[in-house]
Amino acid sequence: MDRAGAADTLAGGPRRGHVRVRGERGGAPLPLLVPALIGLAFLVLPLVALLIRAPWRSMPDLLTSSEVWQALQLSVLCATAATAVSLVIGVPLAWLLARVEFPGRGLVRALVTLPLVLPPVVGGVALLMALGRNGVVGRWLDDWFGVTLPFTTAGVVVAEAFVAMPFLVISVEGTLRAADPRYEEAATTLGASRFTAFRRVTLPLIAPGIAAGAVLAWARALGEFGATITFAGNFPGRTQTMPLAVYLALQNDPEAAIALSLVLLAVSIAVLAGLRDRWMTAS
């Protein structure tokens, strides 16, 4: 028992109406406690309101309607594909940032994390300028291979990967920096190539970080709206994902919008629950 706890015990317990703060003597002052509680209510109240106003009786019918089911299927498919793309090119990028010294590494890291703070609509416009039919790269894809990405399901995957991959890269890079590089060095001294050492030694070591980053990337891709609607459009059955369906349903069928919002909320809660050991600490 700490000194503050002992003092409270001798005094008959904490004073009534006085909130204890861990690691500090006394309690939480009102100028801090009141805005803290207001902030908590500000964040929690909209979610509680969503649960209160949810059409629970008609929820099964709403979630099994053809439009909603199409959006659900397309969202899961595209988010999974975007996560796979992020894993294939994001893990090597994270390894490069964590293990290789090269000029401008700080700038490269800043560019990699830029989509985290870039407005999603701006990301969609940037993708159009790069990969659109008349874009910097898109015109060559169209002329040489006949590939057109905007307003297609593949375009949804590209837009979601663009905004989701930084979450994976940051998570994996942090795990790589925490891992002891001497295991890789030992493998190379025994004759293994750097790629073999990465595949046989490093990957098993950082597997939890990769899994956490993949889950974060998948959840971010599932909830992507701005870049998707700008780069891929909003075509039911082809590019209309759940966030786009929520936006459209809010104008015509608010109950369906609430039902889809609850699905996305459930996914977010599941992600937090799955990553509780990484992002949440015990009280």
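Because only heavy atoms are used, hydrogens play no part in the values below, and waters and symmetry mates are left out as well, while side chains stay in.
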A.B. asks: Working to the nearest 0.5 Å, report the span between CG of Leu141 and CZ of Arg133.
C.D. replies: 12.0 Å
A.B. asks: Taking Leu168's backbone N and O only, do any of them form a donor-acceptor pair with Ser171's side chain (distance below 3.5 Å, no angle check)?
C.D. replies: no
A.B. asks: Between CG of Leu128 and CZ of Phe151, what distance do you get to the nearest 0.5 Å?
C.D. replies: 5.5 Å
A.B. asks: Can a donor-acceptor pair be found, under 3.5 Å and without considering hydrogens, that links the side chain of Thr175 to the backbone of Ile206?
C.D. replies: no
A.B. asks: Do Leu264 and Leu222 make a side-chain contact, defined as non-hydrogen atoms from C-beta onward lying under 4.5 Å apart?
C.D. replies: yes
A.B. asks: Rounded to the nearest 0.5 Å, what separates atom CZ in Phe198 from atom CG in Leu205?
C.D. replies: 11.0 Å
A.B. asks: Please, which pairs that meet side chain to side chain donor-acceptor pair (under 3.5 Å) have at least one residue in residues 244-272, sequence neighbours excluded?
C.D. replies: none
A.B. asks: Hey, does the side chain of Gln240 reach the backbone of Ala245 with a donor-acceptor pair shorter than 3.5 angstrom?
C.D. replies: no
A.B. asks: Taking the side chain as C-beta and beyond, is there a heavy-atom pair between Val156 and Phe235 under 4.5 Å?
C.D. replies: no
A.B. asks: Taking salt bridge (Lys or Arg N to Asp or Glu O under 4.0 Å) as the cut-off, I'd like each qualifying pair that reaches into residues 219-247, sequence neighbours left out, listed once.
C.D. replies: Arg220-Glu224
A.B. asks: Return yes if some donor-acceptor pair links the side-chain N/O of Thr230 with the main-chain N/O of Ala227 below 3.5 Å, else return no.
C.D. replies: no
A.B. asks: Please collect all side chain to side chain donor-acceptor pair (under 3.5 Å) contacts where either partner lies in residues 195-206, sequence neighbours excluded, each pair once.
C.D. replies: Glu184-Thr202, Ser193-Thr196
A.B. asks: I'd like to check the side chain to side chain contact (heavy atoms under 4.5 Å, CB included) partners of Val263; sequence neighbours left out, ordered by chain and number.
C.D. replies: Leu63, Leu72, Met242
A.B. asks: Between side-chain atoms of residues 49-57 and protein atoms elsewhere (two or more places apart, or another chain), which donor-acceptor pairs fall under 3.5 Å?
C.D. replies:
residue: Trp56; atom: NE1; partner: Leu51; partner atom: O; Å: 3.2

A.B. asks: In chain order, what residues pass the ring pair (Phe, Tyr, Trp, His ring centres under 6.0 Å) check against Trp140, with sequence neighbours excluded?
C.D. replies: Trp144
A.B. asks: Among Arg99, Arg105, Arg109, which one satisfies salt bridge (charged side-chain N to carboxylate O under 4.0 Å, His left out) with Glu173?
C.D. replies: Arg109
A.B. asks: Between Thr83 and Ala79 (side chain of the first, backbone of the second, donor and acceptor by atom type, cut-off under 3.5 Å), is there such a pair?
C.D. replies: yes
A.B. asks: Just verifying a value: how many Å separate Leu97 CG and Ile170 CD1, rounded to the nearest 0.5 Å?
C.D. replies: 10.0 Å
